[in-house]
Amino acid sequence: MTVTGPPEARPAHGLAVDFVVVSVPDQLGEIAQRVRDGRLRTNIGHVAPIDDAVAALNPTQRVAGKTIIHVRP
Amino acid sequence: MKAIVVTDPAAGTAGMKLTQRPDPDAARLASLSGASYGDVIVEVHASGFTGNELEWPSTWTDRLGCDRTPSIPGHELAGVVTALGYGTTGLSVGQRVFGLTDWTRDGTLAEYVVVEARNLAPLPGDVDFTVGAGIAMTGLTAWQGLFEHGRLRAGQSVLVHGAAGAVGSMVVQLAREAGAYVIGTGRTDHRQTALTSARTCSSISTTMPWKTSAGSTWFSMSSEARSRSGPPAWSEPEEHW
Ligand SMILES: NC(=O)c1ccc[n+]([C@@H]2O[C@H](COP(=O)([O-])OP(=O)(O)OC[C@H]3O[C@@H](n4cnc5c(N)ncnc54)[C@H](OP(=O)(O)O)[C@@H]3O)[C@@H](O)[C@H]2O)c1
C-alpha cells in the first residue's frame, strides 16, 4: 500500500496498491469520534497564524507532527 | 481576503507569498447563474498543508489542463459555513465543518474557500478547529489505506514506513485498534524525533528494542497495551537509544 505515488516495481507475489485519498464525510465522523473518546491521538506539531504561514511551511529543521495554520485566531 | 499563493512550480515552498485575493462571490453562489451546484463557502479557521503539495500537478493545472496560478495551496480545513449554493442539503450557514478540498481548486490557506458540500463533515462542538484540520488528511489516508484498500482484519500484521509522520502515526493507531500487529519504521538519524513523535500515540507500547538493519531504524509495537487497565504504558528502548 503506498501513498507516495505508483510503485517503481510490482511485487512478484503480492499486490501493490497506490491510491489518492478522498474526502468521505462518514469516515471523517468515525475519525472525529475516535479523537473525542481518546482512541486516536492527534499528531499536531507547529501551529502558526496565517501571517507567519510562509515561514512555518518553510521550516529550517524537521518539525515533528502536522503543521497547522490558524487563519482565524 | 488574505491568502497564501504560489505562482512558480520551480520555486517550491520558498515561493509561497502572503497576499490579498478576491473573496469568493457569495451572491453568485446563491443565485443560479453560475454552475456552483453543491458548493458552499467556508470561513477557514484552521488549515493544513501536505509537504509535497507543490509537486502535485493539480496545484498548477486544472482538470481542463489550464494554468491555474496564482494557486492557493492547503487542502485540509476546519471552519464555519458562511454561504450555501444550490444542492447543499445537509449543511447550514454557521455550521462547523471539516474535510478535504478538491486538489484542482483553490485551497484553504486563505480566509475563505469554496468547497463541495459532499467533501465536508460536521465538526463536533468539542473538537477544536486545529484538531479538525489536523486529522482530515492524515486520518482519511490512514483509514482508506487500512480498511478500504487494505481490507485489514484483526490478527494481521502491518508494516508502517514513516510511522512517526503525520499519516504514519494515524496508521499505527487505527491498525492497532483494529487488532493488527504493527511494525513501524523511521529514519535512523531521526529516531529520537520519531520516537518522541510516536509517543503521542500513548496507547502504544514498544515490545522490542530498536534494531538497526540496513540503515533503517525499526521499532515494533503490539496491541498489548489495550488490554491493560490504567494509563497506557510506553517502555523505553533504553539500551539501543
Ligand atoms: N496518496 C495520498 O492520498 C496521500 C495522502 C496524504 C499524504 N500523502 C503522502 O504521504 C507522505 C507522508 O505524508 P505526511 O503528511 O505524513 O508527512 P510527514 O509528517 O512529513 O511524514 C513523513 C514520514 O516519512 C519519513 N521519511 C521522510 N523521508 C524519509 C526517508 N528519506 N527515508 C525514510 N523515511 C523518510 C519521515 O520519517 P522520520 O520520522 O524519521 O523523519 C516521516 O515519518 C507524503 O509523501 C504525502 O505526500 C499521500
Side-chain angles (χ1 to χ4, degrees), chain A residues 1-8 10-11 14-73, chain B residues 2 4 13-14 16-18 43-49 74 79 98-101 103 108-111 118-124 126-127 129-141 143-145 149-150 164-167 169-170 173-174 177 190 193-194 196-197 200-203:
Chain A
M1 194 69 55
T2 173
V3 291
T4 58
E8 280 158 28
R10 295 274 152 190
L15 185 66
V17 178
D18 64 283
F19 70 97
V20 174
V21 67
V22 286
S23 201
V24 181
D26 287 354
Q27 294 173 2
L28 286 166
E30 294 276 0
I31 294 157
Q33 186 50 42
R34 280 167 174 72
V35 170
R36 295 170 81 196
D37 64 26
R39 275 179 289 170
L40 198 54
R41 288 287 202 95
T42 57
N43 184 2
I44 290 166
H46 186 42
V47 177
I50 191 158
D51 292 342
D52 300 339
V54 174
L57 297 172
N58 280 279
T60 50
Q61 54 189 30
R62 184 186 184 278
V63 272
K66 181 103 198 154
T67 297
I68 295 295
I69 303 304
H70 270 188
V71 178
R72 215 157 288 267
Chain B
K2 269 188 205 174
I4 302 291
T13 52
M16 289 178 159
K17 281 192 188 68
L18 178 63
E43 174 187 76
V44 180
H45 283 243
S47 165
F49 172 84
F98 75 123
L100 302 181
T101 69
W103 319 125
T108 65
L109 284 167
E111 289 180 281
R118 63 172 180 218
N119 286 342
L120 297 171
L123 181 67
D126 57 357
V127 178
F129 291 116
T130 314
V131 170
I135 59 178
M137 181 71 124
T138 59
L140 286 171
T141 304
W143 186 280
Q144 289 163 24
H149 304 292
V167 174
S169 56
M170 291 287 148
Q173 296 177 83
L174 289 174
E177 187 204 335
H190 284 92
T193 330
T196 310
S197 178
T200 61
C201 321
S202 74
S203 61

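As the structure is a prediction and not an experimental result, all values here were calculated from the model. Letters A, B, ... mirror the listed sequences (proteins, then strands); counts begin at 1. Both backbone and side-chain heavy atoms feed into the values below; hydrogens, waters and symmetry mates do not.
- When each of B:Gly79, B:Gly99, B:Pro124 is checked for heavy-atom pairs under 4.5 Å with chain A, B:Pro124 comes out on top.
- In terms of non-hydrogen atom pairs under 4.5 Å with chain A, the most contact-rich of B:Ala166, B:Gly150, B:Pro122, B:Gly145 is B:Gly145.
- Heavy atoms of B:Asn119 lying under 4.5 Å from chain A belong to its backbone as well as its side chain.
- Nearest heavy atoms, B:Gly48 versus A:Lys66: CA-CE, 4.4 Å.
- For B:Phe98, the parts sitting under 4.5 Å from any heavy atom of chain A are the backbone and the side chain alike.
- Going from atom CG of B:Leu109 over to atom CD1 of A:Ile50 covers 6.0 Å, rounded to the nearest 0.5 Å.
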Quick one, B:Lys2 with A:Asp51, criterion side chain to side chain contact (heavy atoms under 4.5 Å, CB included). Give me CA distance, side-chain angles, the key distance, then yes/no. CA-CA 9 Å; B:Lys2 269 188 205 174; A:Asp51 292 342; 2.9 Å; yes
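- Ranked by heavy-atom pairs under 4.5 Å with chain B, the first of A:Val35, A:Val22, A:Val3, A:Ile44 is A:Val22.
- Between the NE2 atom in B:His149 and the CE atom in A:Met1 there is a gap of 7.0 Å [rounded to 0.5 Å].
- In terms of heavy-atom proximity, A:Val21 sits nearest to B:Trp103 at O-CZ2, 3.4 Å.
- With respect to chain B, the highest number of heavy-atom pairs below 4.5 Å among A:Asp26, A:Leu40, A:Leu15 belongs to A:Leu40.
- Considering only heavy atoms from C-beta on, B:Leu140 comes within 4.5 Å of A:Ser23 through its side chain.
- The minimum heavy-atom distance between A:His70 and B:Ala46, with the atom names listed, is CD2-CB, 4.2 Å.
- Checked by atom type and distance alone, the side chain of A:Asn43 never pairs as donor or acceptor with a backbone atom of B:Met170 at under 3.5 Å.
- Contact annotation: the side chain of A:Arg34 never approaches that of B:Ile135 to less than 4.5 Å [non-hydrogen atoms, C-beta and beyond].
- The side-chain heavy atoms of A:Leu28 and B:Trp143, taken from C-beta on, include no pair separated by under 4.5 Å.
- Note that the CD atom of B:Gln173 and the CZ atom of A:Arg41 stand 8.0 Å from one another [nearest 0.5 Å].
- Looking at B:Val44, the atoms closer than 4.5 Å to chain A (heavy atoms on both sides) sit in the backbone and in the side chain alike.
- Contact annotation for B:Thr101: neither backbone nor side-chain heavy atoms come within less than 4.5 Å of a heavy atom of chain A.
- Atom CG in B:Leu174 sits 7.0 Å away from atom CD1 in A:Ile31 (nearest 0.5 Å).
- Heavy atoms only, all atoms of each residue included: B:Ala14 and A:Asn58 are closest at N-OD1, 3.1 Å.
- At a 4.5 Å heavy-atom cutoff, the contact between A:Val17 and chain B is made by side-chain atoms alone.
- B:Thr141 and A:Phe19 get closest at one heavy-atom pair: O-CZ, 3.5 Å.
- The candidate from B:Ile4, B:Val131, B:Asp126 with the greatest count of non-hydrogen atom pairs under 4.5 Å with chain A is B:Asp126.
- Looking at B:Leu123, there are no atoms closer than 4.5 Å to chain A (heavy atoms on both sides), in backbone or side chain.
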